[in-house]
Amino acid sequence: MDFGEQRIKMVQEQLRARGITDERILAAFMGLPRENFVERAHRDDSYADHPIPIGPGQTISQPYVVALMLEKLEIQKSAKILEIGTGSGYQTALLAKLAGQVFSIEIDPQLSTAAAKRLSELGITNYKLKVGDGLAGWKEHAPFDGIIVSAAPNHVPRDLVKQLKVGGKMILPVGDDEQVLVSISKDAEGLQSEEFGAVRFVPIRSPANEN
Ligand code: SAH
């Protein structure tokens with residue numbers, strides 16, 4: 001099967017069949033060559049139903065988990081989204097198709113540079129990347145309609161909650177070895193949280209607490 005056929009099969013069997021119904025999200029996955037975001041050694045596994053290595057200790061998330069997180073964010077076309085953990089840039093590219101503007105922070109400079117190259121090769125322009133600690137958020141561009149975190153902190157990061165708009169949503173894995181997918185909505189009354197079951201992400205690096 002070529003990559004195009006594998007992509008169709010992935011969208012059918014891993015996303016649609018498991019309950020992802022948002023046609024905009026399905027179309028975004030359909031329009032993006034995932035093989036471009038995977039290291040050469042793992043290219044044959046690009047459409048596999050599990051995470052794949054993208055560099056030192058890091059992985060590109062399983063398609064279904066990315067789709068589920070995007071669906072829970074309820075992204076509007078004009079939305080301004082903050083992403084923590086650019087990684088390969090795959091999810092950044094999906095966000096760029098779904099939202100108005102994407103701001104993405106990655107702590108590893110090499111991953112960020114590689115992601116920038118892939119995104120520009122695909123002609124995607126409505127995003128900004130930054131190298132740094134995502135736990136601090138990106139104040140200059142706050143507040144955000146949506147925040148998505150792709151590495152797990154062991155608690156909900158306070159600075160990120162602050163940078164969420166009233167009416168906005170954040171989705172993130174929370175926990176140490178055992179993590180749950182959590183969504184936090186901010187409304188006039190305060191914060192509401194909802195849980196969506198167990199997930200497995202790499203732990204978020206916390207430079208403020210390192211060395
Ligand atoms: N969404 C990515 C997968 C990211 S894996 C994709 O589609 O490929 C998690 C990423 O979070 C890794 O690239 C890791 O380097 C990054 N990361 C870990 N801690 C971080 C932090 N404090 N701030 C920003 N990025 C961080």
Side-chain angles (χ1 to χ4, degrees), residues 1-75 77 79 81 83-129 131 146 148-152 171 173 181 196 199-202:
M1 255 199 294
D2 66 24
F3 285 130
E5 289 167 331
Q6 291 184 41
R7 190 174 314 129
I8 295 170
K9 198 165 182 279
M10 178 271 279
V11 170
Q12 281 302 339
E13 294 177 4
Q14 298 180 37
L15 307 187
R16 220 183 260 283
R18 291 188 193 148
I20 303 296
T21 55
D22 185 327
E23 292 298 334
R24 287 181 67 227
I25 292 179
L26 295 166
F29 274 89
M30 208 59 161
L32 201 60
R34 190 168 157 90
E35 64 277 14
N36 288 26
F37 293 85
V38 168
E39 280 186 328
R40 202 168 286 276
H42 298 280
R43 268 200 141 190
D44 288 347
D45 261 357
S46 297
Y47 292 90
D49 193 12
H50 53 73
I52 311 168
I54 54 168
Q58 304 302 332
T59 56
I60 180 171
S61 308
Q62 178 189 10
Y64 173 70
V65 174
V66 177
L68 182 66
M69 290 176 83
L70 294 174
E71 200 163 70
K72 298 298 176 199
L73 263 188
E74 297 174 16
I75 301 166
K77 273 198 182 116
I81 305 289
E83 175 185 52
I84 312 303
T86 314
S88 68
Y90 180 68
Q91 184 178 273
T92 318
L94 292 168
L95 287 165
K97 287 175 182 277
L98 296 167
Q101 273 179 294
V102 184
F103 297 89
S104 184
I105 309 175
E106 169 56 53
I107 205 160
D108 180 325
Q110 275 176 315
L111 287 176
S112 186
T113 303
K117 185 159 176 276
R118 296 182 182 116
L119 292 164
S120 85
E121 278 167 6
L122 289 168
I124 297 169
T125 54
N126 55 330
Y127 69 91
K128 275 199 165 60
L129 304 185
V131 174
I148 183 166
V149 185
S150 359
I171 182 113
L181 194 58
F196 301 104
V199 283
R200 209 172 179 104
F201 282 77
V202 295

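- Among the candidates Lys9, Gln6, Glu13, the single residue satisfying the side-chain contact (heavy atoms from CB on, under 4.5 Å) test with Tyr47 is Gln6.
- In this structure, OG in Ser104 is found 8.0 Å from CG in Leu95, a value given to the nearest 0.5 Å.
- Shown here for Glu5 and Met1, the closest heavy-atom pair between the two residues is OE1-CA, 3.3 Å.
- Remark: Arg118 CZ is packed, more than 12 non-hydrogen atoms of other residues, nucleotides or ligands lying under 6.0 Å away.
- Closest non-hydrogen pair, Ala99 versus Asn126, comes out as O-ND2, 3.4 Å.
- The CZ atom of Arg34 sits 8.5 Å away from atom CG of Leu94, with the distance rounded to the nearest 0.5 Å.
- Within the model, atoms CG of Leu15 and OG1 of Thr21 stand 11.0 Å from one another, a figure rounded to the nearest 0.5 Å.
- Formation of a donor-acceptor pair under 3.5 Å by the Asp45 side chain with backbone atoms of Ala48 is not found in this model.
- Of all the heavy atoms in Ala93 and Leu119, the pair that sits closest is CB-CD2, 3.6 Å.
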Please test Thr92 against Ile124 for side chain to side chain contact (heavy atoms under 4.5 Å, CB included), starting from the C-alpha separation and ending with a verdict.
-> CA-CA 10 Å; Thr92 318; Ile124 297 169; over 6 Å; no
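- Note: Glu71 CD to Phe196 CZ = 10.0 Å, rounded to the nearest 0.5 Å.
- Considering CD1 of Ile20 and CD of Gln14, their distance stands at 11.0 Å, rounded to 0.5 Å.
- Within the structure, the side chain to side chain donor-acceptor pair (under 3.5 Å) test picks out the following pairs touching residues 58-69 (sequence neighbours left out): Asp49-Gln62.
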Can you check side chain to side chain contact (heavy atoms under 4.5 Å, CB included) on Ile148 and Leu70, steps first, answer last?
-> CA-CA 8 Å; Ile148 183 166; Leu70 294 174; 4.1 Å; yes
Working for side chain to side chain contact (heavy atoms under 4.5 Å, CB included), residues Phe201 and Val65 | CA-CA 10 Å; Phe201 282 77; Val65 174; 3.6 Å; yes
Which donor-acceptor pairs under 3.5 Å do side chains of residues 22-31 form with protein atoms, sequence neighbours excluded?
unit_1, atom_1, unit_2, atom_2, d
Asp22, OD1, Arg24, N, 2.9
Asp22, OD1, Ile25, N, 3.4
Glu23, OE1, Arg16, NH2, 3.4
Glu23, OE2, Arg16, NH1, 3.1
Arg24, NH1, Ile75, O, 3.1
Arg24, NH2, Leu98, O, 2.4

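- Note that CZ of Phe37 is 5.0 Å distant from CG of Leu122, once rounded to the nearest 0.5 Å.
- Between Lys117 and Glu121 there is a salt bridge, with a side-chain nitrogen of the basic residue lying less than 4.0 Å from a carboxylate oxygen of the acidic one.
- Closest approach of Gly57 to Val202, counting heavy atoms only: O-CG1, 3.6 Å.
- By the neighbour-count criterion of 12 heavy atoms within 6.0 Å, atom CD of Glu39 is densely surrounded, having more than that number from other residues, nucleotides or ligands.
- Considering every non-hydrogen atom in both Val149 and Met69, the closest pair reads O-CE, 3.4 Å.
- In terms of heavy-atom proximity, Ala116 sits nearest to Tyr127 at O-OH, 3.7 Å.
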